[in-house]
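First the structure, in the form of structure tokens, and then the observations on it.
This is a predicted model, so every value here is computed, not measured. Proteins come first, then strands; the chains are lettered A, B, ... in the order of their sequence lines, and each starts at number 1.
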There are 2 protein chains.
Amino acid sequence: MENEKPGARRASPQRPTLRDVARLAGVSHQTVSRAINDKGEIDPETRRRVLEVAQQLKYRPSRFARGLVRPATTTIGLIVDDILNPFFPELIAGVISAAEQRSWTVLISTTQKSPSKELELLRSLAGQVDALIGYLSQPDEAVAAAVEGVPLVVMHGRPDHPVFAAVEIDPRPGIQAAVERLIAHGHRRIGMVDCPGADYPVRLDVLREVAAAQGLPEPVVTDADQSQDGGAQGLSRLLKCDPDVTAVLAFNDIVAMGVYRSARSLGLSIPGDLALVGFDGLSFGDNLDPPLTTINIDKYRMGELAVSQAEVLLAGEKPPIAMLTTDLLVRSSA
Amino acid sequence: MENEKPGARRASPQRPTLRDVARLAGVSHQTVSRAINDKGEIDPETRRRVLEVAQQLKYRPSRFARGLVRPATTTIGLIVDDILNPFFPELIAGVISAAEQRSWTVLISTTQKSPSKELELLRSLAGQVDALIGYLSQPDEAVAAAVEGVPLVVMHGRPDHPVFAAVEIDPRPGIQAAVERLIAHGHRRIGMVDCPGADYPVRLDVLREVAAAQGLPEPVVTDADQSQDGGAQGLSRLLKCDPDVTAVLAFNDIVAMGVYRSARSLGLSIPGDLALVGFDGLSFGDNLDPPLTTINIDKYRMGELAVSQAEVLLAGEKPPIAMLTTDLLVRSSA
DNA sequence: TTGTATGCGTTATCAA
DNA sequence: TTGATAACGCATACAA
């Protein structure tokens, strides 16, 4: 019996299917499948003909239908704050590389500093992937609700969450080394341009502890926006609070760049008048004048670790927090 | 008739399906579907029960099965050279934003400067997306074979290809403005640290034309690797060729950073002894000392344009090349 | 309110 | 070498 409506039943501009090709080539859809997938058991001539028709129809297999039938390929989603911050590309590179090793594919999205979009993005991505990795800012409960059971690895630096896996940064070794170096250079009054709420364990707390342990006076602190402008304003505020500060720890390298600018306009030389230590170990810090001494994080490794965590999650277990250490990358600003 | 093997038929650790949940909840799979998708026609109580079972089973709908049945969502793949080069994150941001506006999802991959992986990546990605956008280095024929009919937008700067769509950068306005500025500052002998093969239209050619049109002597050129080291070596080679060069155009900002370093070690001040113009308009150039004057490309817009091109391709047409202009971003190095 | 039957586009099995 | 036929997991008419 002939089918009345070959392909006319479908909504207008739809993609051709295996059956469409089959019909036009006068074979069964199964034969087309053989041709497309280069299976052996097929006459070279029919193969050629089928392929020709397929090309003419611009046939392309549906990834959904394939996914349904073929052995599972795992896909992970990665959400970052702001891809323009050089911190993330390195992290992303680590994630991609680790995923590639496992033949996973990764889907990347960014909220571009608009935290309001985070939940929505999380929700939409959660429907498309097997696991998620995120540098997030929304509250854990909201996040948990949004991902609805999809395994999630967080890197946002937060206390332990019951179901998420996490990779965290231990700022202590780096801060310890930085403080020791500052002391060795005669500094005692340390200031910090902080960006509260964005880190855990909290860098400032660690700085205070280390300073206290070394017999230093309580560090002077000012809160700033996580940006160059924030850093610039932060330094002038810091100096207004306490003009005797001779060394500054910036929340991160971006903030540190603001400190450079501010120092320059204040007529302060680095490291002569002011020693400066950044945080993150961004490579471009090496091109600042003078090159920025900074507490380094292995961002690439961080991405790799996140993928490992996701792997464990996917296996149905909850891994312990993956800890990443820090060290001091000595350049010239301190 | 009872089914003998409820779920035992499947390979061991497989994901639960709608039917598994249905069985455990003692309802039909259809009812489960209703509960999961929050359809109205369902008793709140059974809904609750079903959801509970689903959660307990850690049920998550298959994205493939959904994709098969639901109205199509389009996914595009983006391949870049090297996500660590700050040029790309901006471009990526543009792509993501434009895709988001269309409710498309983006799959990002990078070859990390390993061109050999490019074709393989292309092939694998081609199977997972509806269209591709790529900053590629392999020959067009090889690329065409790899993507096998998947619509592709290229940004690698190459002569027109019969089936790919393209977005290209017109370096002329920027170079014109740069040369004029250099002339206004008394420069006549211009050098270029070039990275041949990576651009089209070729920046060097344009520079030559512009210089000639302005009655300047033929620019001195040296070929360099597209990296900081390349830039550093490039400058010393350039100066060895012609010690009278007073102004340099770098192939891009990364190369320009190498020029800075080299100039510093040569005891040359910028812009006093040597005027320097970069290419790309990377934002970090503003933090160099002195801030880098550079020929700017709107990278974000470039990403947006690529998505538009993809959209046209997806509609079955081949769009004309999208041209992106350049301008001079005057900072202080020239 | 709930269940039955059907189809989405592909691959795999098995018979012709 | 080819072609029926049956999954894959889900959603949606339509029937109960």
Identify, residue by residue, the members of residues 120-130 of chain A with a heavy atom below 4.0 Å from DNA chain D, and return them in order of residue number, or none.
-> none
Protein proximity profile, nucleotides 10-16 of chain D - base contact B, sugar-phosphate-only contact S, no contact -, cut-off 4.0 Å on heavy atoms | BBBB---
Residue list, side chain to side chain donor-acceptor pair (under 3.5 Å) with Arg48(A), at least two apart or on another chain | Glu45(A), Glu52(A)
What salt bridge (Lys or Arg N to Asp or Glu O under 4.0 Å) pairs are there with at least one residue in residues 115-124 of chain B, not counting sequence neighbours?
-> Glu100(A)-Lys117(B)
Do Ser28(A) and Thr31(A) have a side chain donor and acceptor closer than 3.5 Å?
-> yes
For Thr31(A) and for Leu68(B), locate the closest nucleotide of DNA chain D by heavy-atom distance; then report the residue assigned to the nucleotide nearer the 5' terminus.
-> Thr31(A)
Can you name the residues that form a side chain to side chain donor-acceptor pair (under 3.5 Å) with Arg60(A), not counting sequence neighbours?
-> none
What integer distance in Å separates Ile42(B):CD1 from dG3(C):C1'?
-> 12 Å
Quick one: salt bridge (Lys or Arg N to Asp or Glu O under 4.0 Å) pairs with a partner in residues 303-320 of chain A, sequence neighbours left out?
-> Arg102(A)-Glu311(A), Asp160(A)-Lys318(A), Arg301(A)-Glu304(A)
Listed by chain and number, what are the ring-ring contact (aromatic ring centres under 6.0 Å, His included) partners of Tyr59(A), not counting sequence neighbours?
-> none
What salt bridge (Lys or Arg N to Asp or Glu O under 4.0 Å) pairs are there with at least one residue in residues 125-134 of chain B, not counting sequence neighbours?
-> Arg15(A)-Asp130(B), Arg63(A)-Asp130(B)
Residue pairs passing the side chain to side chain donor-acceptor pair (under 3.5 Å) test where at least one lies in residues 77-90 of chain B, sequence neighbours excluded | Asp82(B)-Gln112(B)
